[in-house]
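Below is one structure, written out as structure tokens; the observations come after it.
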Amino acid sequence: MSLSSVQDLARREAIDEYEVLGREPEPELQRLVELAAAVCDVPTAVINIIDDRHQHQVAAVGLTASVCAREDSMCARVLGDAELVVGPDARLDARFATNPFVTGDIASVRFYASSPLVTPTGVPIGTLCVFDDVPRGLSASGARALEVLAEQVVDVLELRRLSRELARSNEQLTQFAGQVSHDLRNPLAALVGFLEVAADTPGVSEVPDAARALARAESSAARMTAMIGDLLAFARVGGGARLAPVDLQQEAKAVLEDLSAEVVARRAEVEVGALPTVTGDGTLLRALLQNLLANAVKFSAGHGQRPVVGVGAEAVPGGWRVTVDDNGPGVAVEDRDRVFELLARGEDQESVDGLGIGLSTCRRIVQSHGGRIGITDSELGGACVWVFLPQRKAA
């Protein structure tokens, strides 16, 4: 395969990833061509995407966007140079003098300037082009602006591509998690049932090694059940929050009922102050509170403390600040961002069961509500996880 064929193949693959051909102009791209025309003081500006056969005008001002053969394109003549091109009078430039956009067969371009659109991997896929039907020059500031705007065009295309990839990834993750839940939960429940039967079999308690092995197996099965639930929850927090009034006081009460066995088993003291009614997704906000309260109890008890947990809220400019305090070991300053990443755990949390999925889920829930989440020191001596929920109108 020739070098030009390899380059065309790489260009076509890069263009395909952007999914920009054959679509209505993106508003962001349209604004960039309008800005290019304004800063270069010309009537016409175009974003050209050039594949192995055609030039596609995907956004334009001063003309109607169209498609032409690559051999008729002025920009295709200089695409391989991958640098700013300025031609005060195209009739006097050997590269363009016989081009149909110059000769009058298609148009009568005189002034021409273009800056290449180069992907992050170094593939030129087109140009941001400005032109006029009278000869003229381009100032140094105009030339620099054209280069910067061309970079912005690529940034917009990249952002769109990454957003689509993220959406596809989230959809695949949700489907995968749902399939895992379906495929594993039923046999896992059967396994837990068999282990319970085995543990209750007469005589097992008299064989210490067997009893310990069964206890460890039950513990492992419980952790696997929690893992599947956490992964499914993490995957499902991607469809956006459904906005409605949510009484956080009632949600916290329901959460404590769900966690009552854990709270009693660890002799935890949980005090819930006055909580507001906010606008959000009740299911997601309940999952948020459940994760934060369960973490507070678990990590405090995991370090030999009798858990003391406090939940409160205060009005702040623009919304509410909800806090969950505990008397556990806290979170080191250098770990306070990292623990919100998927599968991340604090340096001193290895003695506590868990996968590091809960806080990542919490962050996704908070972000889906347009809020923020973070960790500071608590007056109880441990960690204070705070959540800012903005004031929003219900749908």
Side-chain angles (χ1 to χ4, degrees), residues 3-40 42 44-87 90 93 95-96 99 101 107 109 111-132 138 140-165:
L3 177 60
S4 60
S5 298
V6 172
Q7 292 171 334
D8 283 340
L9 178 60
R11 183 176 298 112
R12 186 165 62 246
E13 290 177 348
I15 292 170
D16 288 345
E17 288 185 356
Y18 289 129
E19 299 182 13
V20 72
L21 302 185
R23 299 171 180 264
E24 290 295 317
E26 293 276 358
E28 291 85 354
L29 298 181
Q30 188 61 36
R31 284 193 285 269
L32 287 174
V33 292
E34 292 171 359
L35 184 56
V39 298
C40 295
V42 296
T44 310
V46 181
I47 295 174
N48 292 314
I49 301 296
I50 303 170
D51 60 24
D52 53 335
R53 293 185 298 168
H54 296 98
Q55 171 182 275
H56 307 262
Q57 296 174 338
V58 299
V61 61
L63 55 77
T64 301
S66 62
V67 179
C68 72
R70 175 170 169 156
E71 55 265 26
D72 291 336
S73 166
M74 294 178 70
C75 292
R77 302 282 180 91
V78 295
L79 185 61
D81 297 339
E83 62 184 11
L84 178 71
V85 174
V86 179
D93 192 315
R95 295 170 295 183
F96 309 126
N99 187 276
F101 278 93
V109 173
F111 168 73
Y112 168 88
S114 68
S115 186
L117 307 178
V118 182
T119 72
T121 58
V123 179
I125 60 170
T127 65
L128 173 59
C129 169
V130 295
F131 52 90
D132 201 345
L138 183 64
S141 60
R144 178 55 186 153
L146 191 61
E147 291 178 317
V148 171
L149 290 172
E151 294 171 357
Q152 290 297 306
V153 169
V154 175
D155 287 345
V156 169
L157 294 176
E158 275 291 304
L159 181 59
R160 288 284 184 266
R161 180 183 67 81
L162 293 172
S163 295
R164 286 191 298 271
E165 287 185 359

Closest non-hydrogen atom pair between Ser115 and Ala150, with its separation:
OG-CB, 3.6 Å

Only residue of Glu19, Glu165, Glu26 satisfying salt bridge (charged side-chain N to carboxylate O under 4.0 Å, His left out) with Arg160 is Glu26

Criterion salt bridge (charged side-chain N to carboxylate O under 4.0 Å, His left out) on Asp52 and Arg12, from CA distance to verdict
CA-CA 7 Å; Asp52 53 335; Arg12 186 165 62 246; 2.8 Å; yes

What's the spacing between Leu159 CG and Leu157 CG if we round to 0.5 Å?
9.5 Å

Kindly say whether Ala60 contributes a backbone atom to a donor-acceptor pair with the side chain of Gln30 at under 3.5 angstrom?
yes

Show your reasoning for whether side chain to side chain contact (heavy atoms under 4.5 Å, CB included) applies to Arg11 and Leu79.
CA-CA 11 Å; Arg11 183 176 298 112; Leu79 185 61; 3.5 Å; yes

Of all the heavy-atom pairs spanning Val39 and Ala145, show the shortest one and how long it is.
CG2-CB, 3.9 Å

Pairing donors with acceptors under 3.5 angstrom, does anything connect the side chains of His56 and Asn48?
no

Audit row: Phe111, Thr44, side chain to side chain contact (heavy atoms under 4.5 Å, CB included) steps and yes/no:
CA-CA 10 Å; Phe111 168 73; Thr44 310; over 6 Å; no

Thr119 and Val154 have their tightest heavy-atom pair at CA-CG1, 4.2 Å

Look up atom CZ in Phe96 and atom SG in Cys75, then write down how far apart they are to the nearest 0.5 Å.
7.5 Å

Atom CG of Leu117 and atom CG of Leu128: how far apart are they, to the nearest 0.5 Å?
6.5 Å

Without swapping roles, check the side chain of Arg164 against the backbone of Glu17 for a donor-acceptor pair under 3.5 Å.
yes

In short, Leu84 meets Glu147 closest at the heavy-atom pair CB-OE2, 3.6 Å

Smallest separation among heavy atoms of Ala45 and Val33, with atom names:
CB-O, 3.3 Å

Step-by-step side chain to side chain contact (heavy atoms under 4.5 Å, CB included) determination, Phe101 to Cys68
CA-CA 11 Å; Phe101 278 93; Cys68 72; 4.0 Å; yes

Is the shortest side-chain heavy-atom distance between Val42 and Phe131 below 4.5 Å?
no

Could you go step by step and tell me if Arg31 and Glu34 meet the salt bridge (charged side-chain N to carboxylate O under 4.0 Å, His left out) rule?
CA-CA 5 Å; Arg31 284 193 285 269; Glu34 292 171 359; over 6 Å; no

Residue pair Gln57 / Ser66, side-chain donor-acceptor N/O under 3.5 Å:
yes

Side-chain contact test, heavy atoms from C-beta onward, threshold under 4.5 Å: evaluate it for Leu138 versus Cys40 and give yes or no.
yes

For Val109 and Ala90 the tightest heavy-atom approach is O-CB, 3.9 Å

Mind checking the CG-CZ spacing from Asn99 to Arg77? Nearest 0.5 Å is all I need.
5.0 Å

Measure the spacing between CD1 of Ile125 and CD of Glu13 and express it to the nearest 0.5 Å.
13.0 Å

Taken to the nearest 0.5 Å, the spacing of His54 NE2 from Asp72 CG works out to 10.0 Å

Any donor-acceptor pair under 3.5 Å from Asp93 side chain to Arg95 backbone:
yes

If we ignore hydrogens and angles and just use 3.5 Å, is the side chain of Arg70 paired with the main-chain N or O of Gln55 as donor and acceptor?
no

Could you check Val156 against Leu29 for side chain to side chain contact (heavy atoms under 4.5 Å, CB included), going step by step and ending with a plain yes or no?
CA-CA 7 Å; Val156 169; Leu29 298 181; 3.8 Å; yes

